[in-house]
Amino acid sequence: MYRPHPFSWVPADGQRHASIDARPGGGYPTGVCVATLCGHQLIADNTDRAWLWETCPDCNAAAHVLAEVPMPPAAGAR
């Protein structure tokens with residue numbers, strides 16, 4: 001399976017989180033416990049609605065570090 005980064009996104013606990021746990025084809029199934037980059041063990045919610053949740057800011061920052069892509073400047077800082 002193609003995985004361009006060492007992490008995958010997973011909706012859980014009301015936000016989209018990132019995880020370096022092995023990701024099954026089709027994503028983490030709803031109900032599976034996943035370790036997130038923000039340091040929590042959360043239950044995946046792989047539903048259409050959950051993918052529309054906000055991104056966890058701590059997971060986003062950690063994912064940018066792993067991807068070696070700097071965070072964009074804040075909207076007000078431009």
Problem set entry | Sequence-distant partners of W53, side chain to side chain donor-acceptor pair (under 3.5 Å), two or more places apart | none

For this session: Can you measure from NE2 (H17) to SG (C59) and round to the nearest 0.5 angstrom?
Result: 5.5 Å

Exercise. Are any side-chain N or O atoms of H5 and backbone N or O atoms of A67, one a donor and one an acceptor, separated by less than 3.5 Å?
Worked result: no

Problem set entry | Trace of the side-chain contact (heavy atoms from CB on, under 4.5 Å) decision for L37 with L66 | CA-CA 10 Å; L37 296 183; L66 287 175; 3.9 Å; yes

For this session: Grab the two heavy atoms, one from A22 and one from P24, that are nearest each other, plus how far apart they are.
Result: O-CD, 3.6 Å

For this session: Decide yes or no on side-chain contact (heavy atoms from CB on, under 4.5 Å) for Y28 and I43, but give the supporting numbers first.
Result: CA-CA 9 Å; Y28 303 100; I43 304 301; over 6 Å; no

For this session: Could you tell me whether a side-chain N or O of R16 sits under 3.5 Å from a main-chain N or O of L52, the two making a donor and an acceptor?
Result: no

Problem set entry | Approximate separation, where rounding is to 0.5 Å, of L42 CG and T36 OG1 | 5.0 Å

Exercise. After noting the C-alpha distance and the side-chain angles of N60 and M71, does the key distance pass the side-chain contact (heavy atoms from CB on, under 4.5 Å) rule?
Worked result: CA-CA 9 Å; N60 192 32; M71 292 281 291; 3.8 Å; yes

Problem set entry | Shortest non-hydrogen separation from V34 to V10 and the atoms involved | CG1-CG1, 4.1 Å

Exercise. Hey, is the main chain of A35 close enough, under 3.5 Å, to the side chain of S19 for a donor-acceptor pair?
Worked result: yes

Exercise. Are I20 and W9 grouped together when hydrophobic residues (ILVMFWY) are joined by side-chain heavy atoms under 4.5 angstrom apart?
Worked result: yes

